[in-house]
2 protein chains.
Amino acid sequence: MPDAPRLRLRIHFAGDAMLGPGKADLLETIRETGSISAAARQMGMSYKRAWQLVETLNSMFRVPLVVRTRGGAAGGGAVVTEEGLAVLADFRALELVLMERGAGALANLSARLADNATPK
Amino acid sequence: MPDAPRLRLRIHFAGDAMLGPGKADLLETIRETGSISAAARQMGMSYKRAWQLVETLNSMFRVPLVVRTRGGAAGGGAVVTEEGLAVLADFRALELVLMERGAGALANLSARLADNATPK
DNA sequence: TGTCGTTATGTCCCACAGAACATAACGAAG
DNA sequence: CTTCGTTATGTTCTGTGGGACATAACGACA
């Protein structure tokens, strides 16, 4: 088995609101870097996209997950709120549950895969 | 709570091979209808797309998941193999595990959502 | 040997997500 | 009151996933 298969989870709420690995990872990177732009750079995505994701994240929950500040010596920054951390934790918990309890089925599936030796 | 959030799961294997709700549902509908085109119609997707999905499904596993026959009185048809049923079962098992064991975290997340009363 | 519904493919087209650029606005510190 | 990095937005461009069509091939059966 070359590399372990990755389980990707996405939650579709009412309307078009959804939460998946993209927003979760972004949230996590913002927490680490304290800045949207730094997170975007680190994740190799455009600042605008990251900003848009934060925007939708904040608007889909009652309490904002990320608070931003503009100006100042550091230019500004972004901080993940308690609510944001909680949301992130819940999402990670779901992923973890899936990884742990689904290892068996996942192994079954992997065993049936054709061995494409990642050609070229 | 308007409608229950849907958990969507996708498995990314090595290379670009991946398995998600799309292929799983298609597999299931083919099993029910015995035909790719009927499944496509029933799922509201073009025949070509359904055919392409079946093609990639068959090529990403060692044993084909769907066998097809052309011509004949009925025009032809498609049958999901034992292997296909097994793959489908494993995927559904993963989904089920997620729904059951993740209900708690999912409820937490839902509770934090902004109540967008599905406007318009 | 003609019929009929399905599988099998190719071509054209378009909506749309996201990249790439381009500017403002901001505000603490020096 | 200048500087500096960040947040905040708008505009343009493009790759592409998938829809919409168009045909061919197939083969059991009447």
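Lettering follows sequence order; numbering is per chain, from 1.
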Identify the pairs formed between an N or O of the protein and an N or O of nucleotides 11-15 of chain C at a distance under 3.5 Å, and give each distance.
unit_1	atom_1	unit_2	atom_2	d
C:dT11	O4	B:Lys48	NZ	3.0

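- A:Leu26 has its CG atom 13 Å from the P atom of C:dG18, to the nearest Å.
- Taking CE of A:Met43 as the reference point, atom CG of A:Asp25 lies at 5.0 Å (rounded to 0.5 Å).
- C:dA24 atom P lies 17 Å from atom OH of A:Tyr47, rounded to whole Å.
- Straight-line distance from the CE atom of A:Met45 to the C1' atom of C:dA20: 15 Å, rounded to whole Å.
- Residue B:Arg49 contributes atom CZ, which lies 18 Å from atom C1' of C:dT7 at whole-angstrom precision.
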Would you give me the side-chain donor-acceptor pairs under 3.5 Å for residues 96-112 of chain B, sequence neighbours excluded?
unit_1	atom_1	unit_2	atom_2	d
B:Asn108	ND2	A:Asp90	OD1	3.4
B:Ser110	OG	B:Leu106	O	3.0
B:Arg112	NE	A:Glu83	OE2	3.3
B:Arg112	NH1	A:Asp90	OD2	2.8

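- In this structure, A:Ala50 and A:Ala40 approach most closely via the heavy-atom pair CB-CB, 3.8 Å.
- The closest side-chain donor-acceptor pair between A:Ser37 and A:Ser35 falls under 3.5 angstrom.
- Taken to the nearest 0.5 Å, the CE atom of B:Met60 stands 8.5 Å off from the CG atom of B:Leu65.
- To the nearest 0.5 angstrom, A:Leu19 atom CG is 6.5 Å from A:Leu57 atom CG.
- Annotation: salt bridge (charged side-chain N to carboxylate O under 4.0 Å, His left out) contacts involving residues 28-57 of chain A, sequence neighbours excluded, comprise A:Glu28-A:Arg92, A:Glu55-A:Arg68.
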Output a table of nitrogen or oxygen pairs between the protein and nucleotides 1-5 of chain D separated by less than 3.5 Å.
unit_1	atom_1	unit_2	atom_2	d
D:dG5	N2	A:Gly75	O	2.9

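- Taking B:Met18 as the reference, B:Arg10, B:His12, B:Lys23 meet the side chain to side chain contact (heavy atoms under 4.5 Å, CB included) condition, with sequence neighbours excluded.
- In the hydrophobic clustering, where aliphatic and aromatic side chains (Ile, Leu, Val, Met, Phe, Trp, Tyr) are joined below 4.5 Å either directly or transitively, B:Val79 groups with B:Val67.
- Checking the phosphate oxygens (OP1, OP2) of C:dG18, no side-chain nitrogen or oxygen of A:Ser46 falls inside 4.0 Å.
- Going from atom CE of A:Met18 over to atom C1' of C:dA17 covers 13 Å, rounded to whole Å.
- As rounded to whole Å, 13 Å separates atom P of C:dT6 from atom CD of B:Gln42.
- Distance, B:Trp51 CH2 to D:dG19 P: 15 Å, rounded to whole Å.
- Contact annotation: B:Arg68 side-chain N/O to C:dT6 OP1/OP2 distance is not under 4.0 Å.
- What separates CG of B:Leu53 from P of C:dT7 is a distance of 14 Å, to the nearest Å.
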